[in-house]
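Throughout, numbering of the chain's residues begins at 1 and tracks the sequence. When reading the values below, keep in mind they use all heavy atoms of this one structure, side chains included, and skip hydrogens, waters and symmetry mates.
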Amino acid sequence: VCPQSLVSTGDLSRVWQVMAKAQRGEKITVAVIGGSITAGAKATKTEKRYGNLVADWWRQTFPKADVTFVNAGIGATGSNFGALRAPRDLLSHHPDFVVVEYGVNDGNTQAAAETLEGLIRQILKQPNRPAVVQLFMMHTGGGNAQEWHGKVGAHYHLPIVSYRDALWPEIQAKRIVWDTVMADEVHPNDPGHACAAEFVNHWLNAARASCPCLSKNGTPAPQVPPLPAPLFSDLYEHTALFEAPDLKPLSNRGWTLDEKAKCWISDKPGSVIEFEINGTAIFSMHYVIKRAMGKAKLQIDGGVPCVYDGWFNQTWGGYRSTNLLAKDLKPGKHTVRVELLAEKNPGSDGHEFRLFGLGAAGVTE
């Protein structure tokens, strides 16, 4: 194990409590949330994904425990969508131990740190006090969002594990070839997934070695410190997600709900649909793919319009694009207007637009 992989040991009180629970043979839930790396892209088998290998550590180390594993990774998504969907995809499973991996899909910006902070706060404030680890992967050139995301980790005294810090210097020094651990520009191969898990498990082994509850005297784990005030914002701590079937239009001219694809869809320019949503920051989610896709104009309460394109010039497939339409809105309900435009990308042969849903932060109810 490369010592550079451990950026920060973090506060261990939460993971010690999970270890005490596992030692008693209770049920614990290990979860991971992130993008396509976490979902397991490029791993040849499910059991070779880093998340599964971390769950295996818990099973092997605490054989009496009943360990459930939850993979809440979704490809080509960032911590903005993660914060919106956390209640549904992650927190509904009451995880005890969570690895958060958004360092590749998020930009290295304060805006990304704010959405990540909201996700982290949602997890940390759960009544069962889960332990959270930040894992930083890398893309070509050794880049990631560790600088800004790391500020959030430091503020909440989280353990920080960096695949990038461990392996990028080795690649630069030509002691390791990129292809040894990476399948493409972003995704680790099987050995890369194994390395990521090994770095997390190395921290877990060290935490276990110093765990007071596992000693012969069995001292209780120290109290979990209270959640500190937000570093940047608690805006994304309070979120709501409305997938297309949950959205009931205020008015609709030319849009159809596709139940199977779970989206509101139109290919007729001039089609307009309106929805009402509560929150001080509003997001939209639409489909992007190299097909006959068009552009739509979205507005909140008749404010500054945002234009989004459903077409892009890549052939690797389609993805859900999550975009901030407006923030710093007044608390309460707002009207979202979606209009299909006549203009389109010259590369596209059509106007189809698929709205997957809307999300809100700063939700008060």
Side-chain angles (χ1 to χ4, degrees), residues 1-3 5-34 38 47 49-73 86 90-101 119-136 152-163 166 193-228:
V1 170
C2 184
S5 68
L6 187 58
V7 177
S8 171
T9 300
D11 177 83
L12 297 174
S13 56
R14 286 174 179 259
V15 76
W16 283 344
Q17 294 206 344
V18 183
M19 288 176 175
K21 197 174 167 183
Q23 180 75 3
R24 294 192 297 268
E26 294 177 29
K27 180 178 177 175
I28 65 158
T29 299
V30 174
V32 291
I33 186 167
T38 291
E47 57 267 28
R49 297 170 181 172
Y50 86 79
N52 294 74
L53 296 169
V54 170
D56 286 346
W57 180 92
W58 285 92
R59 292 190 181 106
Q60 288 156 13
T61 309
F62 300 101
K64 288 193 296 184
D66 175 10
V67 180
T68 302
F69 175 60
V70 173
N71 188 328
L90 178 68
L91 305 178
S92 60
H93 299 282
H94 310 292
D96 296 284
F97 178 82
V98 183
V99 180
V100 176
E101 176 273 311
L119 170 62
I120 298 286
R121 287 184 69 83
Q122 286 185 54
I123 303 169
L124 293 178
K125 74 175 187 184
Q126 293 303 300
N128 64 326
R129 295 179 168 162
V132 177
V133 178
Q134 277 186 300
L135 172 63
F136 289 104
V152 176
H155 181 71
Y156 293 97
H157 305 291
L158 301 180
I160 299 174
V161 175
S162 180
Y163 180 92
H193 274 278
C195 284
E198 198 176 320
F199 299 150
V200 174
N201 295 345
H202 171 67
W203 169 79
L204 279 167
N205 279 319
R208 178 174 172 265
S210 61
C211 181
C213 3
L214 304 183
S215 66
K216 282 179 184 169
N217 309 330
T219 345
Q223 283 296 304
V224 172
L227 196 62

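- At distances below 3.5 Å, at least one donor-acceptor pair connects side-chain atoms of Trp16 with backbone N or O atoms of Ala207.
- The minimum heavy-atom distance linking Thr9 with Leu6 is given by the pair OG1-CD2, 3.7 Å.
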* To do: Check step by step if ring-ring contact (aromatic ring centres under 6.0 Å, His included) holds for Trp203 and Phe199.
  => CA-CA 7 Å; Trp203 169 79; Phe199 299 150; over 10 Å; no

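- Under the 3.5 Å distance criterion, the side-chain polar atoms of Thr61 are left unmatched by any main-chain donor or acceptor of Trp58.
- Summarising the geometry, atom OG1 belonging to Thr68 is positioned 8.5 Å from atom CD1 belonging to Ile28; distances are rounded to the nearest 0.5 Å.
- Looking only at side-chain heavy atoms (C-beta outward), Pro222 and Pro212 come within less than 4.5 Å of each other.
- In this structure, Arg129 and Gln223 approach most closely via the heavy-atom pair NH1-OE1, 4.2 Å.
- Pro95 has its side chain within reach of Leu90: a pair of non-hydrogen atoms, C-beta onward, lies under 4.5 Å apart.
- The CG atom of Leu227 sits 8.5 Å away from the NZ atom of Lys125 when rounded to the nearest 0.5 Å.
- Atom OG1 of Thr29 is separated from atom CZ of Phe69 by 11.0 Å, given to the nearest 0.5 angstrom.
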* Does the side-chain contact (heavy atoms from CB on, under 4.5 Å) test come out yes or no for Val54 and Asn201, once each step is laid out? -> CA-CA 6 Å; Val54 170; Asn201 295 345; 3.7 Å; yes

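- Considering only heavy atoms from C-beta on, Phe97 stays 4.5 Å or farther from Pro130 through its side chain.
- Contact check for Cys213 versus Met19: no side-chain heavy atoms found under the 4.5 Å cut-off.
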* Assess whether side-chain contact (heavy atoms from CB on, under 4.5 Å) is satisfied between Gln122 and Leu91, documenting all intermediate values. => CA-CA 8 Å; Gln122 286 185 54; Leu91 305 178; 3.9 Å; yes

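- Side-chain contact between Leu119 and Val100 is present, with at least one heavy-atom pair separated by less than 4.5 Å.
- The CD1 atom of Ile33 sits 8.5 Å away from the OG1 atom of Thr38 when rounded to the nearest 0.5 Å.
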* Asked: side-chain contact (heavy atoms from CB on, under 4.5 Å) between Leu12 and Cys211: does it pass, once the steps are laid out?
  -> CA-CA 8 Å; Leu12 297 174; Cys211 181; over 6 Å; no

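- The side-chain contact (heavy atoms from CB on, under 4.5 Å) search around His155 returns Glu117, Pro228, Leu231, not counting sequence neighbours.
- Between atom CG of residue Asp66 and atom CD of residue Glu26 there is a gap of 10.5 Å, rounded to the nearest 0.5 Å.
- Residues Ile120 and Val132 form a side-chain contact, since some pair of their non-hydrogen atoms from C-beta on lies under 4.5 Å apart.
- With a 4.5 Å cut-off on side-chain heavy atoms, Pro225 and Ser13 count as touching.
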* To do: Start with the C-alpha gap between Tyr163 and Cys195, add the side-chain angles, then the distance that decides, and say whether side-chain contact (heavy atoms from CB on, under 4.5 Å) holds.
  => CA-CA 8 Å; Tyr163 180 92; Cys195 284; 3.9 Å; yes

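- Partner Trp57 forms a side-chain contact (heavy atoms from CB on, under 4.5 Å) with one of Leu204, Val200, Val67 and no other, that one being Leu204.
- Under a 3.5 Å cut-off, the side chain of His193 and the backbone N or O of Tyr50 do form a donor-acceptor pair.
- Note that CG of Asp96 is 11.0 Å distant from CD of Gln126, once rounded to the nearest 0.5 Å.
- Side-chain contact between Tyr156 and Leu124: present, with at least one pair of heavy atoms (C-beta onward) separated by less than 4.5 Å.
- The main-chain N or O of Gly51 is never found under 3.5 Å from a side-chain atom of Asn71 such that the two would form a donor-acceptor pair.
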